[in-house]
Visitor: 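Here it is, the structure in full.
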Amino acid sequence: MRYVSWNVNGIRACVTKGFKESFDMLDADIFAIQESKMQKDQIRLELDGYHQYWNFAVKKGYSGTAIFTREEPLSVVYGLGIEEHDQEGRMITLEFDKFYFICVYVPNSQEELKRLEYRMKWEDDFRAFVSELDKKKPVIICGDMNVAHENIDLKNPSSNHHNPGFTDDEREKLGKLLDAGFVDSFRYKYPDLEGAYSWWSYRFNSRARNAGWRIDYFLVSNRLSDKIKDAKIHSEVFGSDHCPIELELDI
């Protein structure tokens, strides 16, 4: 099966920049998006053959996630079931016969790390949630996790140390999630590949210079690691400041 995840940075804008063409080209069994930045009925996507599940933020034009899947899930859960976390449309969980599939948009710590403390709480609650699911059946997690885990995952680690997305606290939380029973599919396949990024600032001609960060991930339960056929970063696809990422899994 082929899975794709993409932070579209506003689906209404991305649609005008070739989203449907990219969607068709990538031909995923399950396609997840983050940062839809829309409310219900603000756009209608015609995606033949796909069931659509959307989670909208209360705040207009902010956050939001969606999953488009060919197979209808057994169940759908929106959010973490914790009111303080579930106002921003950051998460959708689909249950299938053999696995859970989660689309997540992890909170950004923001300038001067003003939201870092909240994010730490969110990370702990998210890890607890997925760990409980993992006891029942394997879990596939995808999305913008707003952190570059290791130095290899961004162009300029030294100058960005302590900046949002590369603080020791954020990196430690992702490490704890992996230690809880998950594997980073891209690094599993390509442990030493440099220059592989999924997000580039719109400033300073960053994408053309490939001065980017790898902050979008597919994490899978450890017991699925031997089923990872490939993990890709589609840096050739434009339409957002992120590019799509892909996981091919033999499940």
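This one's a predicted model, so the numbers in the text were calculated from it and none came from an experiment.
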Visitor: Quick one: does Ser240's side chain have a donor or acceptor within less than 3.5 Å of a partner on His242's backbone?
Guide: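 Such a contact is found between Ser240 side chain and His242 backbone.
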Visitor: Do Asp250 and Met1 come within less than 4.5 Å of each other through their side chains, counting heavy atoms only?
Guide: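 Not touching, per the 4.5 Å side-chain cut-off.
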Visitor: Compute both the distance and the angle, then confirm whether Arg70 meets the cation-pi test with Phe31: under 6.0 Å from the six-membered ring centre, within 45 degrees of the axis.
Guide: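 No.
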Visitor: For the pair Ser185 (side chain) and Phe218 (backbone), establish whether a donor and an acceptor sit closer than 3.5 Å, ignoring hydrogens and angles.
Guide: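 Yes, the answer is positive, given that a donor and an acceptor are paired below the 3.5 Å cut-off.
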Visitor: What residue among Leu177, Leu154, Leu178 forms side chain to side chain contact (heavy atoms under 4.5 Å, CB included) with His149?
Guide: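 The option that passes is Leu178.
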Visitor: Output yes when a side-chain donor or acceptor of Arg90 lies under 3.5 Å from a complementary backbone atom of Glu35, and no otherwise.
Guide: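 Checking the backbone N and O of Glu35 against the side chain of Arg90, no donor-acceptor pair under 3.5 Å is found.
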Visitor: Would you call the rings of Phe186 and Tyr190 parallel, tilted or perpendicular, where under 30° means parallel and over 60° means perpendicular?
Guide: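 Ring orientation of Phe186 relative to Tyr190: tilted.
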Visitor: Pairs under 3.5 angstrom only: tabulate donor-acceptor contacts from the side chains of residues 71-82 to other protein residues two or more places apart or in another chain.
Guide:
{"from": "Ser75", "atom 1": "OG", "to": "Glu95", "atom 2": "OE1", "distance (Å)": "2.8"}

Visitor: Hey, does the Lys NZ or Arg CZ of Lys137 hover above the aromatic six-ring of Tyr100, less than 6.0 Å from the centre and inside 45° of the axis?
Guide: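 Judged by the rule, Lys137 and Tyr100 form a cation-pi pair.
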Visitor: Flag this pair as yes if the NZ/CZ of Arg171 is under 6.0 angstrom from the six-membered ring centre of Phe166 and inside a 45 degree cone about the axis; otherwise no.
Guide: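 Geometry flag: set, cation within 6.0 Å and 45°.
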Visitor: Just say parallel, tilted or perpendicular for the rings of Phe68 and Phe23, cut-offs at 30° and 60°.
Guide: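 Plane angle over 60°, so perpendicular.
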Visitor: Might you work through the side chain to side chain donor-acceptor pair (under 3.5 Å) test for Ser198 and Asp216, ending with a clear yes or no?
Guide: CA-CA 6 Å; Ser198 63; Asp216 301 89; 2.6 Å; yes
Visitor: In the structure I gave you, are the side-chain heavy atoms of Arg119 and Val147 within less than 4.5 Å of one another anywhere?
Guide: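 With C-beta onward as the side chain, the pair touches.
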Visitor: When you measure from the centre of the six-membered ring of Tyr118, is the NZ or CZ of Lys121 closer than 6.0 Å and no more than 45° off the axis?
Guide: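 No, a cation-pi geometry is absent between Lys121 and Tyr118.
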Visitor: If you compare all heavy atoms of Trp6 against all heavy atoms of Cys14, which two are closest, and at what distance to 0.1 Å?
Guide: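 Heavy atoms of Trp6 and Cys14 come nearest at CH2-SG, 3.8 Å.
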Visitor: Test ring-ring contact (aromatic ring centres under 6.0 Å, His included) on Phe96 and Phe99; report intermediate values, then the result.
Guide: CA-CA 5 Å; Phe96 296 95; Phe99 60 92; 5.1 Å; yes
